[in-house]
Engineer: 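One structure, pasted below without further comment.
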Amino acid sequence: MLAMMLQPLQALQQIAIRCIRLCCHVVERYICVFIIVMDVVDLLKDEILNLRKKLMEKEAVLRQHQTQMYEKAEEKGLYKKLTNVEIDRYSRQIIMPEIGMKGQQALKNSSVLVVGAGGLGCPSALYLTGAGVGHIGIVDYDKVKLNNLHRQLLHPETSTGQPKVLSAFNSLKRLNSFVHITPYDMQLDSTNALDAIRDYDVVVDATDNVATRYLLNDACVLTDRPLVSGSALQLEGQLTVYNYNNGPCYRCLFPVPPPPETVTNCGDGGVLGAVPGVIGVLQALETLKILLGHQGVVTKKLLLFDASDCSFRNVRLRDRNPSCAICGNEPSITALVDYEQFCGSKANDKHNSIHLLDNVDRISTGTYHDVRSEPHILIDVRSPLEFEICHLPGSLNVPLKDLASEQLVQPLKEVITKKGSSDKDFPVFVVCRRGNDSQKGVLALRETLSGLNVSVKDIIGGLHSWAKDIDPSFPVY
Amino acid sequence: MADMLIVEIQVLFFAKARELCGQKESHLLIPSTVSYNDLVDQIVKTFSLESIQHNLILAINEEYATTGSIVQLKEGDKVAVIPPLSGGI
């Protein structure tokens, strides 16, 4: 009787075992197929990379030959005239009464220095090259990073890690071999700016930091060059031409540099790629108008672009300030100065580490990793948006600006009181993206958590260090 | 007593000013005749812009307001607070 009852159960067991075996077999096959597909993908990637290298080599040889041809033509005095190929190539703008043969020839004999090969410099250089400006110089000291690619569209994926000017040079040359491009892989500073600028008719300010903006302004005033200035952050952009037709210079409007802590960079504030795209293209447009001698250049005016409602506002600015320190009637600045010192900030938009805490009040990611299983609280002081990108499991998100608020910290106090004991300081760790805000967080928490038995420390290097030293699969942004 | 007239102006914020006060525009009651410096002070104090008070320009109805001038304001005038957008890209 019992055996009869067990029979169907055994049959079911057999079926279940078969099913499991079948599933394992399918998974095994799937893994095999996946590995084979992965191998094919890697092979294709390698092959494409090699082909690209070969292509670039061939293009470089072609450029060399073309340059030699142009140089020979220049020696014969033919360079300044447009060739038939150029007439055809630029015919859609030559045919406009505002440009004509004279205008196109003027562009061919003009030169522009684009400072910055980033979000503004890329679109700017792109349209200047397309328009047939004879000589374009492009300056940048930086290398292409993965997080540049969404907005700096002269740089293909394969340029990651390469100097930006080299990547820009290759893209621009591929676009228009008639234009002479000079890449400058260097940081522009007081020692080299005047010499670099003197070789060009117009300067495009496509930089990302205050110190270089003042440097370019002063250098353009001292060499009497118009400065086509653009900037963009998040969803906003600004555009104006300084030092042109008795218009103001940057110092006429902003004689005092902003405190460094009030300047937001793209790494912290973010930027939608098309916003610098709009401003960069407008910079190219204003540059072309200056080279062509057109009226209506955006000087003595500031264009404010707000992408959120697609509004363009033109604000009328002052004329040149007669008492300006550099372009005034009796200038007090007659040579370039130290702009990093003047602005109190570095001439780049890179992250600088601060040191607000003693070493005993900080722990390394390795030490935190070791004590992670012990009772503690981890407070992540980044914004909720950043917290959403990635965070360590179990961490509490209390943004830095909320730490000073008694009301917002109250729930935290309750958690500590519940978890902590009276005889030992309860460990509270503070983490942020890179280890600066976490130090500010420790200082703020010492105030708001005073009276509780806690030991508050920050994690050195933040989540970037965690990803680098502990968990390589943790996202970095 | 004409200069004691109080008018309501619209204040527009750009770049860092927008970030600091957390809004694109607001309103402010202000005497219709006011010195440039008092206008800046009033805006800076009302909208917590102390950190950038020396690094902004004001445009009244899209016209640059000169430092040290006396400003005449009407009801509904638009005063734009414009710090330079220097970082970025």
Side-chain angles (χ1 to χ4, degrees), chain A residues 116 118-122 151-152 206-214 229-234 236-239 248 250 253-259 261-271 275-276 279-280 300-302 304-306 308-309 313-319 321 343 345 349, chain B residues 9-26 35-37 39-41 43-74 76-89:
Chain A
L120 296 165
C122 284
R151 66 189 187 283
Q152 303 179 11
T207 63
D208 57 10
N209 66 84
V210 187
T212 311
R213 287 191 187 275
Y214 278 98
S229 171
S231 51
L233 187 69
Q234 294 169 343
E236 285 184 81
Q238 293 182 359
L239 171 82
Y250 192 50
L253 299 177
F254 304 107
V256 186
E261 65 276 12
T262 67
V263 179
T264 312
N265 64 20
C266 278
D268 292 332
V271 63
V275 177
I279 299 296
K300 302 181 205 175
K301 282 187 285 187
L302 174 66
L304 303 167
F305 171 52
D306 184 349
S308 67
D309 54 5
R313 282 189 176 84
N314 252 316
V315 172
R316 265 222 6 219
L317 294 178
R318 59 170 308 142
D319 284 355
N321 180 2
C343 298
S345 57
D349 74 337
Chain B
I9 57 167
Q10 199 181 353
V11 190
L12 311 173
F13 303 100
F14 293 90
K16 193 71 185 178
R18 186 177 286 189
E19 186 190 319
L20 287 173
C21 72
Q23 49 192 340
K24 276 188 179 185
E25 56 178 87
S26 188
S35 74
Y36 174 88
N37 291 351
L39 179 61
V40 172
D41 283 352
I43 289 174
V44 162
K45 220 168 75 186
T46 312
F47 300 104
S48 310
L49 304 177
E50 285 82 0
S51 61
I52 52 163
Q53 60 180 320
H54 303 299
N55 317 98
L56 47 86
I57 55 176
L58 289 188
I60 300 166
N61 298 327
E62 304 194 344
E63 288 274 342
Y64 179 83
T66 312
T67 323
S69 61
I70 297 292
V71 178
Q72 302 288 340
L73 293 163
K74 304 185 302 297
D77 274 353
K78 287 181 181 168
V79 176
V81 182
I82 311 166
L85 199 56
S86 34
I89 78 135

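Chain letters run A, B, ... following the sequence lines, proteins first and then strands; every chain starts at 1.
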Engineer: Which atoms form the tightest heavy-atom contact between A/Pro259 and B/Ser51, and what is the distance?
Structural biologist: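 The answer is CG-O, 3.4 Å.
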Engineer: Is any side-chain heavy atom of B/Pro84 closer than 4.5 Å to one of A/Tyr250?
Structural biologist: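 Answer yes - side chains close enough.
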Engineer: Output all residues satisfying side-chain contact (heavy atoms from CB on, under 4.5 Å) with A/Ser345, sequence neighbours left out; order by chain, then residue number.
Structural biologist: A/Pro260, A/Cys343
Engineer: To the nearest 0.5 Å, tell me how far B/Leu85 CG sits from A/Gln234 CD.
Structural biologist: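 Here the rounded value is 8.5 Å.
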Engineer: Is there any residue in residues 53-60 of chain B with a non-hydrogen atom under 4.5 Å from a non-hydrogen atom of chain A, and which ones are they?
Structural biologist: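 From residues 53-60 of chain B, the residues near chain A are B/His54, B/Asn55, B/Leu56, B/Ile57, B/Ala59.
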Engineer: Considering only heavy atoms, which portion of A/Asn321 lies under 4.5 Å from any heavy atom of chain B: side chain, backbone, both, or neither?
Structural biologist: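 It is neither, since no heavy atom gets under 4.5 Å.
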Engineer: How close do B/Arg18 and A/Asp306 get, heavy atom to heavy atom, and via which atoms?
Structural biologist: NH1-OD2, 3.0 Å
Engineer: Can you confirm whether A/Arg313 sits close enough to B/Ile82 that some side-chain heavy atom of one is under 4.5 Å from a side-chain heavy atom of the other?
Structural biologist: no
Engineer: By a 4.5 Å heavy-atom criterion (distance strictly below it), what part of A/Pro257 contacts chain B: side chain, backbone, both, or neither?
Structural biologist: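 Backbone only.
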Engineer: Within this structure, what is the OG1-NZ distance for the pair A/Thr264 and B/Lys16, rounded to the nearest 0.5 Å?
Structural biologist: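 One gets 3.0 Å once the value is rounded to the nearest 0.5 Å.
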Engineer: Count the heavy atoms belonging to other residues, nucleotides or ligands that lie under 6.0 Å from NZ of B/Lys45, then report whether that count exceeds 12.
Structural biologist: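 No, because the 6.0 Å sphere around NZ of B/Lys45 holds 12 heavy atoms or fewer from other groups.
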Engineer: Look up atom CG in A/Leu317 and atom CD in B/Glu63, then write down how far apart they are to the nearest 0.5 Å.
Structural biologist: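 Answer for the CG-CD pair, A/Leu317 versus B/Glu63, is 10.0 Å.
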Engineer: Where on A/Ile279 is there a heavy atom nearer than 4.5 Å to chain B: the side chain, the backbone, both, or neither?
Structural biologist: neither
Engineer: Say whether, by atom type as modelled, one donor and one acceptor occur between the side chain of A/Gln238 and the main chain of B/Pro83 under 3.5 angstrom.
Structural biologist: yes
Engineer: When rounded to the nearest 0.5 angstrom, what is the spacing between CD in B/Glu19 and OG1 in A/Thr262?
Structural biologist: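 The CD atom of B/Glu19 sits 9.5 Å away from the OG1 atom of A/Thr262.
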Engineer: Quick one: are B/Tyr64 and A/Leu253 in side-chain contact, heavy atoms under 4.5 Å?
Structural biologist: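 In short, these two side chains touch, coming nearer than 4.5 Å.
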Engineer: Measure distances from A/Leu304 to the heavy atoms of chain B and classify the residue's part below 4.5 Å as side chain, backbone, both or neither.
Structural biologist: side chain
